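Input: a single structure, listed below in structure tokens.
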Amino acid sequence: MKQVILTGDRPTGRLHVGHYVGSLKERVALQNTGLYDEIYIMIADAQALTDNAEHPEKVRQNILQVALDYLACGIDPSKSTILIQSMIPELTELTFYYMNLVTVSRLQRNPTVKAEIQMRRFEASIPVGFFCYPISQAADITAFRATAVPVGEDQMPMLEQCREIVHKFNMTYGETLTDPQIVLPQNQACLRLPGIDGKAKMSKSLGNCIYLSDEPDVIKSKVMSMFTDPNHLRVEDPGKVEGNPVFIYLDAFCRPEHFAAFLPEYENLDALKAHYSRGGLGDVKVKRFLNEVLQAELQPIRERRKEWEQRLPDVYEILKAGSMAARQTAAKTLRDVRHAMQIDYFSDEMVNR
Ligand code: TRP
């Protein structure tokens, strides 16, 4: 079987380090293994519109920001197809057919939808489109016959819902759609990077993000303002490492060579953690180290982003060519779907069916 990756992001803002460790880094690594026959990276503008209907200009502007972040992180357009969701109208048609295979109560039970409804204070005024976005996401994944979907942990319920749709479709209309697997980062700390304020999620609306495109001084001031163990008041106090955002970030980003380069008095992260737990290690020192680590990781990304910013016509060309190529793939799946559903009226002899 062909190995196919599909994944994507909503263009509602620039991407941040949570996106990076949670999924982007993994995508680039998978891309560079050479083990995949096709890789599709989707800028999910139609999905972004499900809760930004009044702000199409915001979605439009952020398509470019997300594309720049992709290219900056090492998504290589010669290996991966970057596409804009709304340029593939076949996805909308698939969504409409899949809607018949999902109940309202099943959507209401989707934990991600539930949490987002709460966060956006939608209560009873949820746009129907927003409520149905898990179905549209199933269309995204199945249209490309994805076998692997590298995403953040928060997308797990979306994948489960997608697989249910695949099974129901195949049972009802015959084996047609491909069953996808979720690919999560191995590193626990990368699964859900907290915000710099220690809140469970890094999110633009909470204002607690470090962006991939932040300038060095901005990164530094964000790191120095990060929450740590609230009971670690004096340097001598024993500190808590678990749940401490600064250490979670170090778990996510720090590699042994960072100690040799920036903090040679410790052998590794375990040694640093042991000292912090024992007492005698101040937050400022740990934050300074984290700042060095982040600067080292983000500098090449920021520089590559700036190079692409000088080549915007090329970026648009990549999006256009990617969207056109992707449309071909989706159209083929839609043909298979229509055939399975027996609604391919004029493409075969109607009389024989
Ligand atoms: N829901 C994803 C997010 O919020 C974006 C997305 C849209 C996606 N379609 C997808 C992710 C298909 C993976 C596969 O970031």
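Please read all numbers here as calculations on a predicted model, not as lab measurements.
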Would you call [X] and [Y] a side-chain contact if the rule is heavy atoms closer than 4.5 Å?
{"X": "Q181", "Y": "V149", "value": "no"}
{"X": "T228", "Y": "F247", "value": "no"}
{"X": "E292", "Y": "H258", "value": "no"}

Is the closest basic N to carboxylate O distance between [X] and [Y] below 4.0 Å?
{"X": "R10", "Y": "D45", "answer": "no"}
{"X": "E90", "Y": "K332", "answer": "no"}
{"X": "K273", "Y": "D251", "answer": "yes"}
{"X": "R302", "Y": "D69", "answer": "no"}
{"X": "D344", "Y": "R335", "answer": "no"}
{"X": "R234", "Y": "D237", "answer": "yes"}
{"X": "K240", "Y": "E242", "answer": "no"}
{"X": "K222", "Y": "D214", "answer": "yes"}
{"X": "E215", "Y": "K306", "answer": "yes"}

By side-chain contact (heavy atoms from CB on, under 4.5 Å), S203 pairs with (sequence neighbours left out) S205, L206

May I ask you to decide if [Y]'s main-chain N or O and [X]'s side chain share a donor-acceptor pair within less than 3.5 Å?
{"X": "Q3", "Y": "M1", "answer": "yes"}
{"X": "Q295", "Y": "P216", "answer": "yes"}
{"X": "T50", "Y": "G129", "answer": "no"}
{"X": "K204", "Y": "C209", "answer": "no"}
{"X": "N32", "Y": "A29", "answer": "no"}
{"X": "R304", "Y": "A72", "answer": "yes"}
{"X": "T172", "Y": "K168", "answer": "yes"}

Could R145 and Y40 be counted as a cation-pi pair, given that NZ or CZ must be under 6.0 Å from the ring centre and within 45° of the axis? no

Cation-pi check, R311 to W308: give yes when NZ or CZ is under 6.0 Å from the six-membered ring centre and within 45° of the ring axis, no otherwise. yes

Flag for Q186-E26: side-chain donor and acceptor within less than 3.5 Å: no

Under a 3.5 Å cutoff, is there a donor and acceptor pairing between the side chains of H232 and N244? no

Would you list the atom pairs, donor with acceptor, under 3.5 Å between side chains in residues 53-64 and any protein atom, with sequence neighbours excluded?
| residue | atom | partner | partner atom | Å |
| --- | --- | --- | --- | --- |
| K58 | NZ | N52 | OD1 | 3.0 |
| N62 | ND2 | T12 | O | 3.4 |
| N62 | ND2 | K58 | O | 2.9 |

Crowding at [atom1], [X] (>12 non-hydrogen neighbours, <6.0 Å):
{"X": "F227", "atom1": "CZ", "result": "no"}
{"X": "R163", "atom1": "CZ", "result": "yes"}
{"X": "M87", "atom1": "CE", "result": "no"}
{"X": "M224", "atom1": "CE", "result": "yes"}
{"X": "Q188", "atom1": "CD", "result": "no"}

Can you label the angle between the Y249 ring and the F253 ring as parallel, tilted or perpendicular, going by 30° and 60°? tilted

Tell me whether the rings of F259 and F289 are parallel (<30°), tilted (30 to 60°) or perpendicular (>60°). tilted

